[in-house]
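Right, one structure below, let's go through it.
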Amino acid sequence: MTLLQTKPSFVPLTIAPELSPTLPSWVYHDPDVLDLERERVFGRNWVFVAHASEVAPGQPFHGEVNDEPVILTRKVDGSLTATASNPASESLALRAETLAGLVFVNMDPQAAGLAAQAPDLEASIRGFVPEADALVKCHKVVHEVASNWKVFVENSLECYHCEPCHPGFSTDVDMETYRSFSDGIVTIHTSQRQQTPEMAGKGPAEADLVEKFMYWYVWPSTEIDATPGDHPQLSIYTRKAVGPHRHQVTGHYYRLPGDGLSSAEKQALDEDATVREDIAICEAVQRGLASRGYSQGRFIVDAERSHISEHSVHHFQCMVSDALDLR
Ligand SMILES: [Fe+2]
């Protein structure tokens with residue numbers, strides 16, 4: 001019996017986003033859905049676990065793929081291996097791929113490789129942060145969110161909410177130049193930044209990078225934010241579903257050795273205003289999804305005004321539909 005046969009009826013998503021309904025609301029609060037996602041979404045796809053610099057020879061790294069513990073180990077020849085640690089059985093070898101210094105793990109031995117599924121991602125990240133391999137961990141923050149994990153992913157895949165909800169972000173970024181593109185497992189968000197006095201002294205090539213806001217979403221639960229320039233930084237956000245109505249967002253921050261964050265900068269990340277604004281929105285959306293009066297909605301789609309369009313949310317929901325066999 002499939003999930004479809006046991007749940008309230010709904011209209012399946014269509015390929016064309018402007019004609020498609022959204023996912024039905026029960027997908028965001030049904031425990032059976034989360035069980036299926038653990039198997040088919042987190043269990044079959046590539047999830048960021050650590051930066052390669054966090055795995056030293058003789059010092060295994062203990063991480064997670066969603067809520068399943070995994071161990072990264074570096075051998076004497078420098079190669080990196082991943083194992084699932086299950087107390088009830090012997091450790092199971094998992095697949096690991098390192099891309100621009102970032103180690104992703106896939107629990108499915110049959111899955112296509114990460115680089116094969118996202119052929120442009122590594123060069124794209126290196127284009128913004130050529131120092132990606134040399135970075136080391138400088139901070140980590142865990143946020144608790146009272147919403148389904150998909151609500152927050154969807155929040156990060158559209159910027160319709162940015163101007164009303166993120167006054168700081170909208171001042172930093174030129175929203176008229178905001179663009180979002182999805183291709184398979186990767187969605188790119190890019191925008192020009194508003195001009196600042198620091199940009200005035202940069203050469204054309206460097207200024208072009210510094211002036212851009214660049215953000216990659218990698219299905220299902222990894223987001224990468226690149227900060228180029230004099231203090232290169234990669235900020236990786238992972239999402240861990242701990243229940244149908246609750247998940248954790250972890251921010252992993254990496255900078256060059258000797259260029260760590262000050263205590264004030266760490267405190268700013270701990271209290272990240274944009275993240276807190278998003279958490280408040282997502283928790284309100286989760287409450288709305290629980291309403292008996294709501295089942296499915298529509299997407300706002302406007303190719304000419306990408307910053308207020310939800311086409312990337314539709315792309316994500318189609319991937320969820322395919323994974324859960326909701327077509
Ligand atoms: Fe947001």
Side-chain angles (χ1 to χ4, degrees), residues 17 22-23 25 28 48 128 139-182 186-194 211-227 233-241 245-253 265 267-289 297-302 305-317 319-320:
T22 59
L23 285 171
S25 55
Y28 297 84
F48 170 82
F128 276 79
H139 199 45
K140 179 179 175 180
V141 183
V142 180
H143 302 278
E144 302 285 340
V145 189
S147 86
N148 185 274
W149 69 279
K150 298 187 294 296
V151 171
F152 213 145
V153 170
E154 293 174 9
N155 173 280
S156 76
L157 287 172
E158 51 84 10
C159 220
Y160 181 71
H161 71 281
C162 291
E163 285 186 296
C165 299
H166 300 312
F169 177 84
S170 303
T171 304
D172 183 40
V173 165
D174 179 358
M175 298 305 298
E176 291 299 319
T177 64
Y178 193 99
R179 296 289 180 273
S180 173
F181 317 90
S182 297
V186 177
T187 294
I188 291 176
H189 304 271
T190 182
S191 170
Q192 296 296 308
R193 291 189 186 276
Q194 300 286 6
E211 287 172 11
K212 262 189 182 165
F213 165 80
M214 194 71 177
Y215 202 84
W216 299 263
Y217 162 72
V218 184
W219 159 265
S221 55
T222 305
E223 287 147 62
I224 304 166
D225 182 7
T227 306
Q233 176 175 318
L234 285 177
S235 307
I236 318 295
Y237 298 94
T238 54
R239 303 190 188 280
K240 169 182 169 180
H245 311 98
R246 182 164 291 278
H247 73 283
Q248 290 179 344
V249 181
T250 301
H252 313 253
Y253 303 95
E265 287 172 319
Q267 187 177 353
L269 288 173
D270 293 346
E271 299 168 359
D272 192 316
T274 303
V275 172
R276 291 190 183 281
E277 289 156 2
D278 279 326
I279 289 173
I281 300 165
C282 291
E283 293 184 343
V285 169
Q286 184 71 34
R287 291 192 291 274
L289 286 165
R298 299 294 293 263
F299 299 96
I300 297 166
V301 181
D302 188 339
R305 294 185 297 166
S306 191
H307 65 293
I308 62 163
S309 184
E310 296 176 314
H311 53 283
S312 295
V313 178
H314 170 262
H315 183 80
F316 168 76
Q317 292 197 6
M319 296 189 81
V320 173

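Computed from a prediction, not measured in an experiment: that's the story for all the values here. Numbering of ligands and ligand atoms starts at 1, following listing order.
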Should we count OH of Y215 as having more than 12 external heavy atoms under 6.0 Å?
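Yes, the 6.0 Å shell around OH holds more than 12 heavy atoms from other groups.
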
Are the side chains of F48 and H252 in touch, meaning some heavy atoms are under 4.5 Å apart?
yes

Report yes if the side chains of I281 and N155 come closer than 4.5 Å at any heavy-atom pair, otherwise no.
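With C-beta onward as the side chain, the pair touches.
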
Please find the N/O/S atom of D278 nearest to the Fe ion (ligand 1) and write down its name.
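Distance check against the Fe ion (ligand 1) picks out OD1 in D278.
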
The Fe ion (ligand 1) - name of the N/O/S atom of H161 that sits closest to it:
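Nearest N/O/S atom: NE2.
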
Looking at the Fe ion (ligand 1), is one of the N, O or S atoms of H166 less than 2.8 Å from it?
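Of the N, O and S atoms in H166, at least one lies under 2.8 Å from the Fe ion (ligand 1), which means yes.
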
Show, in sequence, the C-alpha distance, side-chain angles and deciding distance for E223 and R239, and conclude whether the salt bridge (Lys or Arg N to Asp or Glu O under 4.0 Å) test is met.
CA-CA 9 Å; E223 287 147 62; R239 303 190 188 280; 2.9 Å; yes

